[in-house]
Protein chains: 2
Amino acid sequence: MSSKTSLPFQMTLQVKDACLCLHAQRAARALARCFDEVFRPLGLTNGQFSLMMSLNRPSPPIMGQVAELLSMNRTTLTAALKPLIKRGLVIVQIDSEDRRKQRLALSSAGMSLLVEAYPVWVKTHGEIEALLRDHDPDALRRALAFLSFRLDSMILSESSSVAASQPEGTLGASTHESSDLGRA
Amino acid sequence: MSSKTSLPFQMTLQVKDACLCLHAQRAARALARCFDEVFRPLGLTNGQFSLMMSLNRPSPPIMGQVAELLSMNRTTLTAALKPLIKRGLVIVQIDSEDRRKQRLALSSAGMSLLVEAYPVWVKTHGEIEALLRDHDPDALRRALAFLSFRLDSMILSESSSVAASQPEGTLGASTHESSDLGRA
DNA sequence: ATCAATTATATTGATATCAACGTTTCAGAT
DNA sequence: ATCTGAAACGTTGATATCAATATAATTGAT
C-alpha cells in the first residue's frame with residue numbers, strides 16, 4: 001500500500017561518501033591494476049607477487065600461515081597457488097613431521113622471477129608513495145593494517161581460541177627480533 | 001654460474017611492511033568479508049550492495065558511469081550485473097536516444113531490498129568507524145579516495161582523451177550541481 | 001588401542017576481476 | 001552515400017574470492 005519503498009537519495013550520497021568498504025575496494029582495485037600492469041612483462045599479477053614474496057623466508061611456511069599473513073581465505077590460497085605450481089615457480093612439500101601440513105617454497109625459477117620483480121616493485125611503489133606525500137602514507141598503512149587485523153580477529157573466530165587481544169604490532173617489529181613473518 | 005639468485009630476507013620484510021597494495025588488498029578483503037557476513041541474510045554481497053546503492057539516483061546511469069564510479073572494469077560490471085538482473089533486482093533499458101547506451105535502474109524489488117539493507121549498513125559501518133576512532137577515519141577515506149582517483153587517472157588512459165586533470169564531475173551533475181554522485 | 005575432537009587442506013559452486021578481442025551504434029569526413 | 005574512427009558494450013579465458021562441505025592426519029581422552 002503506502003509502502004512507497006524508496007531510499008532517499010541523500011542516504012545514497014551518505015553511503016557513497018562514508019563507506020570504508022567501498023573506498024577500500026576502489027583503492028584496492030586501482031592499486032591492483034597498477035601493479036598488475038607493471039608486473040605484466042614478467043607474467044605476474046600483484047597477488048602472485050605478494051604471495052611469492054611471502055614465501056621468501058628462512059624456513060618454508062605452511063599454507064595456513066601464508067593465508068593468515070595475507071588476510072586471505074585458505075581456499076583462496078589453494079586456488080591462487082595452482083597457476084604458480086603449474087608454472088614451476090612454487091614447490092609444495094608435505095611436512096615430514098605432520099603429513100597434514102604442506103610446506104610452500106619458491107623454486108629457483110620462482111626465486112629468479114622474484115629477484116627480477118623486486119626492483120619493479122621498488123620503482124612503482126616509490127612513485128605511488130610520492131603521489132601520496134600529502135596524505136601521510138605511514139598513517140594510511142597503519143590504519144589499513146589495524147583494520148585487517150581487527151576485523152580478522154572478529155571474524156576469524158572461526159578457529160575460536162583466544163584470537164583477538166593483541167592490539168599492537170599488527171606488523172610489529174619489522175625490526176625482526178621475531179624474525180619470521182607473521183604476527184606473534 | 002655465480003647467479004646465486006636469491007632475494008635477501010630483509011627485502012621481503014620491507015615489501016611486507018611497506019607495500020600499500022598488499023595493505024589495501026588485505027584491508028579490502030577483511031572489510032568485504034565483514035559486510036558480506038552482515039548482508040548474507042538478505043542474500044547480498046558487499047559489492048552487490050554498493051552497486052545497487054549506486055543505482056539509486058534521480059535518473060538511471062549508464063554502465064560506463066557506474067563502472068567509473070566504482071573504479072571497476074566495465075567487463076567486471078557486466079558480470080556483476082548478471083545475478084542481479086536474473087533475480088529481478090536491477091532493470092536494464094536501452095537508451096532511446098543512443099542505442100549503444102544501457103540505462104541501469106533498480107526494480108521495485110531491488111529498491112525494497114536496498115531499503116532493508118540500509119540500516120544494516122548504518123549499524124555495521126558505525127561499529128567499524130568506532131573501532132577506528134584512534135586512526136582518523138576521515139583521513140583514511142581521503143587517502144583512499146585520492147588513491148583510486150589518481151591511479152585511475154594514470155591508468156584509465158585507456159579512453160585516452162584528456163582523462164586526468166579533471167578533479168570533479170566523474171558523473172556530470174545531472175541536476176543538483178554537486179549533488180549527483182561522483183567525487184567531490 | 002579406540003574414539004572423538006581438532007587441525008590442515010581440498011573440492012565445489014558461486015561471484016569478482018581483468019585483458020584481449022569482437023560487435024553494434026554513432027558521428028564526422030569525404 | 002560511404003567510409004573511418006570512436007564510443008559503448010559483450011564474450012571468452014584466466015585468475016581471485018569466499019562459503020559450504022568433505023577428507024585425511026593428528027591429538028587427546030578414555
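Labels below follow one simple rule: chain letters A, B, ... track the order of the sequence lines, proteins then strands, and each chain is numbered from 1.
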Would you mind telling me which residue lines up with the more 5' stretch of DNA chain D, A:M72 or A:E97, judged by nearest nucleotide?
->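 Its nearest nucleotide being more 5', the pick is A:M72.
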
Residue whose closest nucleotide on DNA chain D lies nearer the 5' end, A:K86 versus B:D36 | A:K86

So, do A:M72 and B:R29 sit near enough that their side-chain heavy atoms are less than 4.5 Å apart?
->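 Yes. Closest side-chain heavy atoms under 4.5 Å.
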
Among the candidates [options], find the nucleotide nearest to the side-chain atoms of [X].
| X | options | answer |
| --- | --- | --- |
| B:Q102 | D:dA16, D:dC9, C:dA20 | D:dC9 |
| A:K82 | D:dA19, C:dC18, C:dT11 | C:dT11 |
| B:P83 | C:dA20, C:dT15, C:dT17 | C:dT15 |
| B:T76 | D:dC18, C:dA20, C:dA16 | C:dA16 |
| A:R74 | D:dC9, C:dC26, C:dT9 | C:dT9 |

Identified side chain to side chain contact (heavy atoms under 4.5 Å, CB included) partner of A:I62 from the options A:Q102, A:R100, A:R103 =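 Single side chain to side chain contact (heavy atoms under 4.5 Å, CB included) partner of A:I62 among A:Q102, A:R100, A:R103: A:R103.
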
At under 4.0 Å between heavy atoms, what does B:G47 touch on the DNA or RNA strands: base, sugar-phosphate, or nothing?
-> nothing

At under 4.0 Å between heavy atoms, what does B:A80 touch on the DNA or RNA strands: base, sugar-phosphate, or nothing?
-> sugar-phosphate

Pairing string, 5' to 3', for DNA chain C - Watson-Crick or wobble contacts under 3.5 Å, brackets [ ] where pairs cross, | to another strand | ||||||||||||||||||||||||||||||

Which whole-number value in Å describes the distance from [X] [atom1] to [N] [atom2]?
| X | N | atom1 | atom2 | answer |
| --- | --- | --- | --- | --- |
| B:R33 | D:dC18 | CZ | C1' | 8 Å |
| B:D95 | C:dA27 | CG | P | 11 Å |
| B:Q48 | C:dT17 | CD | C1' | 14 Å |
| A:F39 | C:dA19 | CZ | P | 15 Å |
| B:Q25 | D:dA16 | CD | C1' | 10 Å |
| A:M52 | D:dA16 | CE | P | 12 Å |
| B:R40 | D:dT17 | CZ | C1' | 13 Å |
| A:I94 | C:dA8 | CD1 | P | 15 Å |

Side chain of A:H135, backbone of B:F146: donor and acceptor closer than 3.5 Å?
->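 No.
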
Just by distance, do the side chain of A:R150 and the backbone of B:I128 share a donor-acceptor pair under 3.5 Å?
-> no

For A:M63 and B:R99, take the nucleotide of DNA chain C holding the closest heavy atom to each; which residue's nucleotide lies nearer the 5' end?
->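 Its nearest nucleotide lies further toward 5', so the answer is A:M63.
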
Looking just at side-chain N and O atoms, do B:N56 and A:T12 make a donor-acceptor pair shorter than 3.5 Å?
->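 Present: a donor and an acceptor within the cut-off.
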
Should we count CD of A:Q93 as having more than 12 external heavy atoms under 6.0 Å?
->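 Count not over threshold, so no.
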
Rounded distance [0.5 Å steps], CG in B:L89 versus CG in B:L106 | 8.5 Å

Got a donor-acceptor pair under 3.5 Å from the side chain of A:R100 to the base of C:dT7?
-> yes

Phosphate OP1/OP2 of D:dA16: any A:T45 side-chain N/O under 4.0 Å |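 Indeed, a polar side-chain atom of A:T45 lies that close.
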
Is the phosphate of C:dA10, meaning OP1 or OP2, less than 4.0 Å from a side-chain N or O of A:T78?
-> yes

Quick one: do B:K123 and B:E127 make a salt bridge, cutoff under 4.0 Å?
-> yes

